[in-house]
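Data block below; observations after.
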Amino acid sequence: MASSSPFVFILLVLSPFLFSLTSQVYAQGAPAPAPKGPANLTGILDKAGQFTTLIRLLTSTQISNQIKNQLNSSDQGLTVLAPTDNAFNNLKAGTLNDLNTQEQVELILYHVLPKFYSVADLLSVSNPVRTQATGQDGGQFGLNFTSSANQVNVSSGIVTTQLNNALSKDFPLAVYQVDKVLLPLDIFGPKPPKSSPSPSSPGDDKPKKAPAATSGPSASKDTDASGSIAMNVGLSGMLVLIGSMCIGLF
Ligand SMILES: *[C@@H]1O[C@H](CO)[C@@H](O)[C@H](O)[C@H]1NC(C)=O
Ligand SMILES: *[C@@H]1O[C@H](CO)[C@@H](O)[C@H](O)[C@H]1NC(C)=O
Ligand SMILES: *[C@@H]1O[C@H](CO)[C@@H](O)[C@H](O)[C@H]1NC(C)=O
Ligand SMILES: *[C@@H]1O[C@H](CO)[C@@H](O)[C@H](O)[C@H]1NC(C)=O
């Protein structure tokens, strides 16, 4: 009897805490995708056909792996604006080949939004919308969405096109076909004014690549990934905590 009262006391003291922990875990677990296997972007594109260039770029830049991991670990989901093979073919000759690897990564990440947007979401989203290519300073890597009726247009500032059919519209992955490649201002926009060309950096013989050569996108990619990891650790930490509490209590 004497030994049971401290336990009762501990239980009474801890129960609101335990309750809030379990409800938190429950709330975080709630939006988890249905148990039908992870969303497979390249699989979706492959099945739809006419996206071979995009698939090739997603694979060669390793972005498909990054997306796979993000879909598995983020509770925000993702949205991909998928340019068709025609869209890539209609680019001015050499456009892709003139980009260095870093710029190709940025171009592809510019078509990925770090959040799941349904068409309804896009009809009322506030501009500009952040993309995965957005560096820490925001930069010129946003997209603007406009809509009338149920038609949504997307603009990079250089290219405007409409969102066509949804190849995937179930959380966590939305994929919309676009018939133009969205060229980001940061890479394809007007060159920065000549106020400070390259007086202090003689080795930089190609100033046009300077703005795109920042480590912004990869940096944001890294923080996103580690953020998700931290979240996972937090979640499993809570589970361990609850588990050990239960063992302690019973
Ligand atoms: C995703 O789809 C691609 C292409 O269909 C396939 O090769 C790959 O094995 C799939 N991955 C998973 C995890 O299902
Ligand atoms: C998803 O993440 C969990 C744990 O974070 C891991 O065990 C699982 O293998 C991952 N699944 C895929 C398809 O990457
Ligand atoms: C979307 O773009 C098309 C042409 O591409 C244009 O006719 C239409 O007015 C635009 N709609 C909106 C809402 O911007
Ligand atoms: C988006 O719209 C804002 C405000 O109209 C404008 O300042 C910005 O340059 C636009 N960005 C793009 C990528 O079109």
Side-chain angles (χ1 to χ4, degrees), residues 33-74 78-87 90 106-115 117 119-135 137-168 170 172-173 175-193 211-212 216-217 220:
K36 59 169 182 182
N40 183 351
L41 175 61
T42 48
I44 289 167
L45 295 173
D46 196 26
K47 202 172 137 205
Q50 62 170 330
F51 294 97
T52 52
T53 310
L54 180 58
I55 293 173
R56 182 169 55 76
L57 287 166
L58 283 167
T59 311
S60 69
T61 56
Q62 305 273 325
I63 292 173
S64 57
N65 283 334
Q66 185 195 329
I67 285 177
K68 203 191 304 172
N69 292 337
Q70 247 177 303
L71 284 172
N72 191 27
S73 59
S74 153
L78 286 177
T79 300
V80 175
L81 306 174
T84 57
D85 287 336
N86 265 338
N90 288 336
E106 288 177 4
L107 177 66
I108 299 305
L109 289 179
Y110 189 56
H111 292 74
V112 182
L113 316 177
K115 199 168 173 303
Y117 293 99
V119 171
D121 293 335
L122 290 174
L123 289 175
S124 61
V125 78
S126 51
N127 288 318
V129 172
R130 200 162 74 89
T131 70
Q132 291 278 91
T134 310
D137 57 351
Q140 290 178 289
F141 279 115
L143 284 169
N144 283 347
F145 288 84
T146 54
S147 60
S148 68
N150 276 332
Q151 177 57 54
V152 178
N153 284 4
V154 59
S155 172
S156 74
I158 297 179
V159 172
T160 302
T161 190
Q162 58 185 41
L163 263 58
N164 284 338
N165 58 322
L167 307 176
S168 166
D170 294 326
L173 178 61
V175 183
Y176 302 101
Q177 174 184 326
V178 289
D179 293 333
K180 288 182 187 167
V181 178
L182 301 166
L183 303 176
L185 277 168
D186 193 87
I187 300 176
F188 296 95
K191 308 295 173 284
S220 81

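Both ligands and their constituent atoms are indexed starting at 1 by order of listing. Heavy atoms only: backbone and side chains are in, while hydrogens, waters and symmetry mates are out.
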For Ser156, counting its heavy atoms only, list the atoms of ligand 4 lying under 4.0 Å from any of them. 13 (C), 14 (O)

With side chains defined as the heavy atoms from C-beta onward, is the minimum distance between Leu58 and Ile108 less than 4.5 Å? yes

A student checking ligand 1 against Asp46 at a 4.0 Å heavy-atom cut-off should list atoms 4 (C), 5 (O)

Please examine the side chains of Leu163 and Val178, heavy atoms only from C-beta on, and report whether any two atoms are closer than 4.5 Å. yes

Scan for side-chain hydrogen bond (donor to acceptor under 3.5 Å, both in side chains) pairs involving residues 142-153, sequence neighbours excluded, and state none if there are none. none

Which pairs count as side-chain hydrogen bond (donor to acceptor under 3.5 Å, both in side chains) when at least one residue sits in residues 42-53, sequence neighbours excluded? Asn40-Thr42, Thr52-Asp85, Thr53-Asp85

When you compare the side chain of Tyr117 with that of Val125, does any pair of heavy atoms fall below 4.5 Å? yes

Beyond-backbone contact of Thr84 with Gln177, side-chain heavy atoms, under 4.5 angstrom: yes

What does the 4.0 Å heavy-atom contact list look like for ligand 3? Thr146, Ser147, Ser148, Asn153

Would you say that Tyr110 contacts Leu183 through its side chain, given a criterion of any heavy-atom pair below 4.5 Å between the two side chains? no

